[in-house]
There are 2 protein chains.
Amino acid sequence: MSDTPQAVSGFIERMGLAAQSDGMPRIAGRILGYFIIHDGPASLAGLARELQVSRASVSTNARILRNLGVLEATAVPGDRQDYYQLAQRHYLRLLEGYVERMGTMSASLEQAERELPADWAGAQTRLADMHHFIDTARDTIRELIERLAERSDGVSHEQKP
Amino acid sequence: MSDTPQAVSGFIERMGLAAQSDGMPRIAGRILGYFIIHDGPASLAGLARELQVSRASVSTNARILRNLGVLEATAVPGDRQDYYQLAQRHYLRLLEGYVERMGTMSASLEQAERELPADWAGAQTRLADMHHFIDTARDTIRELIERLAERSDGVSHEQKP
DNA sequence: CCGATCGTTCAATCAATACTGAACGAAACG
DNA sequence: CGTTTCGTTCAGTATTGATTGAACGATCGG
């Protein structure tokens, strides 16, 4: 961290803030920022050192990112530490998170439409309206994911070939 | 609140939670939920009573929603209270919020590309890759907004004609 | 086997922020 | 005018959740 240019630490910190405003822990965002800048696998201990946070935080947050599919575990021969690296198309995973949340929203609207009296015309109209909106939005984003996924199918994203 | 069916309070509460996981105050979500279910303008005092929260909270959160364009102020003749009602196409405003956040993200990536040494091939590749992704995602959502906006252009969303 | 190193977990601390109650200024109404 | 009823603001409280340090079990190297 001591000899990293200002641009790097600035970007990493900015990713932390962006993560926060997305409802994620700041450290998760900083870890992601680290991997965007730096090549190859990194160990938990290395991340803790570079980002100046506790091993515990790195452990939990790296796990969060792995569960999201943003990071993936890998191994370095001759080293028993756990190594992580950026998954290919990692950004698509974040969109998938949006899609999932929209799914919950859609379900919630559906439930309300079902449970509310059918003669509450205004409520039913607004619910159906919003429901339609959410569903088209979700479909659009799903489409976008597919489009972007196949775009990078032929392209290599390997970090250490 | 005492004679509202379980379905209503359940939905409102669920909207509160959804708002929270979107980085918004819970009460803002509940207010939105209230307006989805109930017709017409409502006063701040009425909202405070219905949602069982302080006038202060209603005031600040209604303002938040108004600034987002989700609610709009209106007036009831002969009543000097401030009344609010749901804006037409209120859900589009939330998408616009996403677009805006993606804009900051895009700018941040751009700045990093500019400030980092050009010979950090890996970093530059990943930054450009992600940058392209964010921009197409943003364009897609913008397109979606336009499409949905014109869809409801001919439809009336007035609540009290 | 023994010591060292690793990742994880859990209780405790810390920070951020939502929410409230009280105080205030403005506007309506008599 | 004086009173009442608004909406807003602000200091204080409470709650949520992130971060940490210490303790633990597991695994490797010797």
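Naming convention: chains lettered A, B, ... in sequence-line order (proteins, then strands); numbering from 1 in each chain.
Taking Ile, Leu, Val, Met, Phe, Trp and Tyr as hydrophobic and joining them when side-chain heavy atoms fall under 4.5 Å apart, one finds A:L17 isolated, its cluster having no other members.
Ion pairing of B:R101 with A:D22 is present here, as a side-chain N (NZ or NE/NH1/NH2) and a carboxylate O approach within less than 4.0 Å. Note on B:D39 versus A:R126: salt bridge recorded, some NZ/NE/NH1/NH2 to OD/OE distance being below 4.0 Å. The existence of a salt bridge linking B:E13 and B:R30 is confirmed by a sub-4.0 Å separation between a basic side-chain nitrogen and an acidic carboxylate oxygen. The existence of a salt bridge linking A:D139 and A:R142 is confirmed by a sub-4.0 Å separation between a basic side-chain nitrogen and an acidic carboxylate oxygen.
The distance from atom CD of B:Q81 to atom C1' of C:dA26 is 15 Å, rounded to the nearest whole Å. Protein atom CZ of B:R49 is 11 Å distant from nucleotide atom P of D:dC6, rounded to whole Å. When rounded to the nearest whole Å, the span between OH of B:Y83 and C1' of D:dT5 equals 13 Å. Protein atom CD1 of A:I64 is 12 Å distant from nucleotide atom P of C:dT9, rounded to whole Å. One interatomic measurement links the two molecules: CG of A:N67 to P of C:dT8, which rounds to 11 Å at whole-angstrom precision. In this structure, CG of B:D82 is placed 11 Å from P of D:dC6, rounded to the nearest angstrom. The interatomic distance linking B:L17 (CG) with C:dA18 (P) rounds to 15 Å, in whole Å.
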**Complete:** Whether each nucleotide of nucleotides 18-30 of chain D has a protein heavy atom under 4.0 Å at its base (B), only at its sugar-phosphate (S) or at neither (-) is summarised, 5' to 3', as -SBB-----BS--
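Side-chain N/O atoms of A:R63 include none lying less than 4.0 angstrom from OP1 or OP2 on C:dG7.
For A:F35 and A:Y84, the ring centers sit 6.0 Å or farther from each other.
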